There are 2 protein chains.
Amino acid sequence: MKSMKISEAVVRRLPIYLRYLNELNMMQIQTVSSQELGQKLNLNPAQIRKDLAYFGEFGKKGIGYDVHYLIEKIRHILKLDQIIHVGLVGAGNLGHALSNYNTYLKDNMKITAVFDSAKDKIGKEINHLKVLPMEELPEVVRQHGIRVGIITVPAVEAQIVANAFVEAGVEAILNFAPAIVKVPAHIRIHHADFTTELHSLAYYLEE
Amino acid sequence: MKSMKISEAVVRRLPIYLRYLNELNMMQIQTVSSQELGQKLNLNPAQIRKDLAYFGEFGKKGIGYDVHYLIEKIRHILKLDQIIHVGLVGAGNLGHALSNYNTYLKDNMKITAVFDSAKDKIGKEINHLKVLPMEELPEVVRQHGIRVGIITVPAVEAQIVANAFVEAGVEAILNFAPAIVKVPAHIRIHHADFTTELHSLAYYLEE
DNA sequence: TAGATTGTTAATCGATTAACAATC
DNA sequence: TAGATTGTTAATCGATTAACAATC
């Protein structure tokens, strides 16, 4: 089962498993079945078992999954058994909001630097992080070992910021701007766009 | 082709088409082919044609799609040919950030009311909207005809807020809290979770 | 042992892409 | 007419779910 390529759908579910397993762990619960997981997460238990089985045999037949062990395994799969440093460009409200999530991100990922190009933003403090000018991005990315970039600038500036991230050497980008951004094939980019999300929701409203 | 049930994947792409078509419209461009759309949006042209064909014959063979006409059609499909009123609970940084998106949402959707349960938030102004106490939610939802609810509260409070939205009669919910929220089957809920998004991105980093 | 639950194969379901006749 | 591009069918690809032997 090793060394198959894993579908994006599977990868998207792993963090959801991880989050709930962490909750179970905090509630001192030691074992969980795919049945219970499925119930809580609105997923098919067979799907959960299959997702996990891509990466190894993590469960015990007749018993279920050891919560702590599974957390370790998923963290490893997601490369979250190390601290991943994240840089963010755009010190507006959204950037401010996201930098607050460091607590949720726990010890797995960390927003380490915030940048902006606007004079009036530079130097201000956001969540204990001084807002840095864009000029310092390449240097800071290298120094801090930043591997992921977050874009929270207006749509028109998104491509420019993405280019800067790519040149500075980040490996993945999360773009919140409502715009399609192009990056070289070796860079992973995900779009988290509030406006398209909301617009697609409207489709499901009653006449 | 009418009255098939349309897949979620298709519905998620429609707002992306719409956004780019609006850009073309602003650039005074009258006609566009599935080829060009695909190039700009990183999608297969056949897929775009098929997506649109679910809803009607919007193009002209040999010519392409009339930008303005297609905008009208997609807006109608997404029920965005009317103003959809949106309520938001959680006047923190994220709530504040999202309420700023009213300009991006254009004349299609509008965040009409912001609520919070914290005494120190209530009464403050966010983007010309006075933050209202949760107690007023049912009444305001009815008065303003709010049909969509946005949740930007901490994870532990998300379910409570969702319940309040459902009881007040909203038809769809967009949840930003990092938690699975349960709603009755007739309510549409989408999860826009920054933390799982970022965690799944980590999977694609190099060793 | 009996009951529970995994890992995995097979069956189903769904979504994407290719190909091309129709036609502007 | 020649070239371009749609709408749609068929082919491919991929993801989900059901079922069950293996086994704790």
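Chain letters run A, B, ... following the sequence lines, proteins first, then strands; residues in each count from 1. All values reported here derive from a predicted model rather than from experimental measurement.
Looking only at distances, a side-chain donor or acceptor of B:N22 sits under 3.5 Å from a matching main-chain atom of B:L18. Using a distance-only test at 3.5 Å, with no hydrogens or angles considered, no donor-acceptor pair links the side chain of B:K73 to the main chain of B:F58. For the pair A:R49 (side chain) and A:G59 (backbone), a donor-acceptor distance under 3.5 Å is absent.
In this entry the distance linking CD1 of B:I63 with C1' of D:dG3 reads 11 Å, nearest Å. At whole-Å resolution of the value, CG in B:D66 and C1' in C:dC24 are 14 Å apart. Going from atom CG of B:N44 over to atom C1' of D:dG7 covers 14 Å, rounded to whole Å. For the pair A:I6 CD1 and D:dG14 P, the interatomic distance rounds to 13 Å; values are reported in whole Å. Computed from coordinates, the A:R12 CZ to D:dG14 C1' distance equals 16 Å when rounded to whole Å. Residue B:K50 contributes atom NZ, which lies 16 Å from atom P of C:dA19 at whole-angstrom precision. The NZ-P distance, from A:K61 to C:dT6, rounds to 10 Å in whole Å. As a whole-Å value, the separation of A:L52 CG from C:dT8 P is 12 Å.
B:R49 has no side-chain polar atom (N or O) that falls below the 4.0 Å cut-off from OP1 or OP2 of C:dC20. In this structure, A:S7 reaches the D:dA15 phosphate: one of its side-chain N or O atoms is under 4.0 Å from OP1 or OP2. Phosphate contact (OP1/OP2 of D:dT5, side-chain N/O of B:S34, threshold under 4.0 Å): absent. When the side-chain nitrogen and oxygen atoms of B:Y65 are compared with OP1 and OP2 of D:dG7, one or more of them lie within a distance under 4.0 Å.
Toward the 5′ end of DNA chain D lies the nearest nucleotide of B:S33, the other residue of the pair A:E8 and B:S33 mapping further downstream. Checking B:K60 against A:A46, the closest nucleotide of DNA chain D that is more toward the 5' end is the one next to B:K60.
Geometrically, A:K60 does not engage A:Y65 in a cation-pi contact defined by less than 6.0 Å to the ring centre and at most 45° from the axis.
Counting any heavy atom pair closer than 4.0 Å across all strands shown, B:Q47 reaches a base atom.
With sequence neighbours left out, the ring pair (Phe, Tyr, Trp, His ring centres under 6.0 Å) criterion links B:Y20 to no other residue.
A perpendicular orientation is assigned to the rings of B:Y101 and A:F194, their planes being inclined by more than 60° (bins at 30° and 60°).
Using a 4.5 Å heavy-atom cutoff, the side chains of B:R12 and B:H190 are in contact.
Stem regions annotated for DNA chain D: C:3-24 with D:3-24, counting only runs of 3 or more consecutive pairs of Watson-Crick or G-U type with both contacts under 3.5 Å.
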